[in-house]
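First listed ligand is number 1; within each ligand, the first listed atom is number 1.
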Amino acid sequence: MANWVSAGCGVIANELAQAMEKRGQKLYGVVNRTPEKAVAFAEKYGVQRVFTSFQDVCADPAVDIIYISTPHNTHIHFLRKALAAGKHVLCEKSITLNSEELEEAVQLAKEHGVVLAEAMTIYHMPIYKELKKRMDAGKFGELRVIQMNFGSYKEYDMKNRFFNRNLAGGALLDIGVYALSFVRMFLNSCPDQITSQVKLAPTGVDEQAGILLMNREQEMATVTLSLHAKQPKRGMISFDKAYVEMYEYPRGQKAVITYTEDGHTEEIVAGATADALGYEVEDMEQAIAGHPELMKLEFTEDVMKMMTRIRKDWGLTYPEEEHATEKI
Ligand SMILES: NC(=O)c1ccc[n+]([C@@H]2O[C@H](COP(=O)([O-])OP(=O)(O)OC[C@H]3O[C@@H](n4cnc5c(N)ncnc54)[C@H](OP(=O)(O)O)[C@@H]3O)[C@@H](O)[C@H]2O)c1
């Protein structure tokens, strides 16, 4: 198994460490802005090394994979250093702020021959691999339309990242990325026609949005997001002979299929929600061993293109996009 280092030790880094424990694996190292938290994290999960700087992580030849789990706007700084040092990277969603940053990272990864991937659970859940297999075998007929919801109720609290423009907050980058990744995974090509409506939060980031997408095959999708109203995490894929309903789709394990010719339903379960991050870790291990296609970087690039275009339509920028960023 590879030597992983976590850059960050917040909520999702804890989940990753627990997922690794479940696989009988431990993180090799951790580095964090607040070093005391890294020390406590290392003790909790039996992590061998606590690094005092990101430079030290990049300079350690024993490090294979760096897992980045800091706020969105900081990702590019870590990506630049890690990829230039020849480290494979699994980076939390949203992988960057925009396509320009992502393409810079993709070029660096190519130059240094390493795997770059976004930690998008949807691409690794067994239920989606099973659904895609059936879809590709023609079991559901032709794909027509996908409907996605995702709504969380978050307080207008500037201490967390959700509504904070300085931490690249907003519904699109935080939760829209899941809905669009689902859409991209099932549509036969990336949508090239996109319209949307947005309601901004008092902090200036996107609180609520409705997005309508269509690709060249005229397959359509609708996405409804909110960060200040709860909605079920529900996905529905309609074909001309069946529709598929998914709940809790970011880490989905169960799909209900209704075959519309006779109305009968079928429930399929594949994988387990509780193992979501474990599937991601497993695919990343295989990716660096010669199967980079498992990480679906091309979908990540398409989703980032869609989000960049949607924010451009809204005129919504982050401070880093308004000033030349320091290349740290
Ligand atoms: N895939 C998923 O299911 C999932 C779920 C949740 C989050 N995420 C993603 O994971 C990332 C982190 O989310 P989280 O909920 O784990 O956040 P969190 O609990 O707030 O943890 C954030 C981590 O980043 C560090 N950090 C904060 N600001 C930083 C800065 N300016 N420079 C360097 N480090 C900084 C924090 O260090 P300190 O200890 O010093 O504060 C902490 O270790 C986000 O990109 C988020 O979208 C993914």
Side-chain angles (χ1 to χ4, degrees), residues 5-19 27 29-42 44-45 47 50-55 57 66-82 89-98 101-102 105 117-125 150 152 154 157-182 205 225 227 233 248-252 273-281 283-284 295-296 300 303-304 307 318-320 325-326 328:
V5 171
S6 179
C9 55
V11 174
I12 195 71
N14 273 270
E15 284 191 41
L16 186 96
Q18 287 157 18
L27 280 161
V30 60
V31 63
N32 193 46
R33 180 181 64 171
T34 311
E36 311 84 72
K37 288 193 195 164
V39 171
F41 183 92
K44 189 170 173 191
Y45 298 110
V47 178
V50 177
F51 291 91
T52 48
S53 77
F54 195 72
Q55 280 87 341
V57 177
I66 300 179
Y67 171 65
I68 301 173
S69 64
T70 54
H72 309 144
N73 60 322
T74 65
H75 292 172
I76 188 64
H77 303 303
F78 294 121
L79 286 168
R80 282 181 186 130
K81 287 180 181 167
V89 177
L90 180 66
C91 181
E92 266 307 333
K93 42 60 62 173
S94 285
I95 187 166
T96 54
L97 293 184
N98 53 47
E101 286 185 357
L102 179 55
E118 182 173 44
M120 175 45 63
T121 45
I122 287 173
Y123 299 150
H124 311 287
M125 297 305 293
F150 197 148
S152 302
K154 305 287 184 201
D157 175 0
M158 294 295 279
K159 287 201 285 297
N160 68 41
R161 69 172 195 278
F162 300 110
F163 288 108
N164 192 332
R165 209 171 77 90
N166 295 325
L167 295 177
L172 188 63
L173 261 60
D174 197 57
I175 55 177
V177 64
Y178 288 112
L180 290 171
S181 298
F182 184 111
V205 300
L225 305 173
L227 269 188
K233 297 184 193 80
E248 300 300 328
Y249 61 82
R251 299 181 183 185
T273 297
D275 293 330
L277 271 64
Y279 301 127
E280 205 171 75
V281 169
D283 278 355
M284 187 68 187
M295 303 313 288
K296 312 286 181 212
T300 298
V303 169
M304 189 51 70
M307 297 201 299
Y318 292 111
E320 291 83 353
T325 53
E326 185 199 355
I328 58 170

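Interface of Cys9 with ligand 1, defined as ligand atoms under 4.0 Å from a residue heavy atom, comprises 43 (O). Residue Pro71 has at least one heavy-atom neighbour below 4.0 Å for each of these atoms of ligand 1: 24 (O), 26 (N), 27 (C), 28 (N), 29 (C), 35 (C). Close approach of ligand 1 to His75 is summarised as follows: ligand atoms under 4.0 Å from at least one heavy atom of the residue are 45 (O). Under a 4.0 Å criterion applied to the non-hydrogen atoms of Lys37, ligand 1 contributes the atoms 38 (P), 39 (O), 41 (O).
Between Phe78 atom CZ and Thr70 atom OG1 the span is 4.5 Å, to the nearest 0.5 Å.
Remark: among candidates Val177, Leu277, Thr74, the nearest residue to atom 31 (N) of ligand 1 is Thr74, based on non-hydrogen atoms. With atom 10 (O) of ligand 1 as the reference point, the heavy atom nearest to it among Arg33, His77, Glu92 is part of Glu92. Closest to atom 42 (C) of ligand 1 by heavy atom, among Asn32, Val30, Thr70, is Asn32.
Residue Arg251 places a heavy atom under 4.0 Å from ligand 1. Distances shorter than 4.0 angstrom occur between a heavy atom of Tyr178 and an atom of ligand 1. At least one heavy atom of Arg161 sits less than 4.0 Å from an atom of ligand 1.
For the pair His124 (side chain) and Ala276 (backbone), a donor-acceptor distance under 3.5 Å is absent. The main-chain N or O of Gly8 is found under 3.5 Å from a side-chain atom of Ser6 such that the two form a donor-acceptor pair. No donor-acceptor pair under 3.5 Å is formed between the side chain of Thr96 and the backbone N or O of Ile76.
The nearest protein atom to atom 21 (O) of ligand 1, hydrogens excluded, is given as Gly10 CA, 3.4 Å; this is a heavy-atom distance. Of the protein's heavy atoms, Lys93 O, 2.8 Å lies nearest to atom 45 (O) of ligand 1. Of all protein heavy atoms, the one closest to atom 22 (C) of ligand 1 is Ser69 O, 3.9 Å. Here the protein heavy atom with the shortest distance to atom 19 (O) of ligand 1 is Val11 N, 2.9 Å. The protein atom (non-hydrogen) at minimum distance from atom 4 (C) of ligand 1 is Ile12 CD1, 3.4 Å.
At least one test fails for Lys296 against the ring of Tyr123: distance under 6.0 Å to the centre or angle within 45° of the axis.
Using a 4.5 Å heavy-atom threshold, the side chains of Arg161 and Asp174 count as touching. In this structure, Asn166 and Asn73 have side chains that are not in contact, with every pair of non-hydrogen atoms separated by 4.5 Å or more. Counting heavy atoms from C-beta outward, Phe41 and Leu27 have side chains that approach closer than 4.5 Å.
Considering backbone and side-chain N/O atoms, Gly8 never comes within less than 3.5 Å of an N/O atom of ligand 1. At under 3.5 Å, a nitrogen or oxygen of Thr34, whether backbone or side chain, sits near a nitrogen or oxygen of ligand 1.
The minimum heavy-atom distance between Leu227 and Phe162, with the atom names listed, is CD1-O, 3.5 Å.
Separation of the Tyr178 and Tyr249 ring centroids does not fall under the 6.0 Å cut-off.
Counting only heavy atoms, the protein gets under 4.0 Å from atom 40 (O) of ligand 1.
Under the rule for a side chain to side chain contact (heavy atoms under 4.5 Å, CB included), the partners of Glu15 that lie at least two apart in sequence or sit in another chain are Val11, Ile12, Arg251, Leu277.
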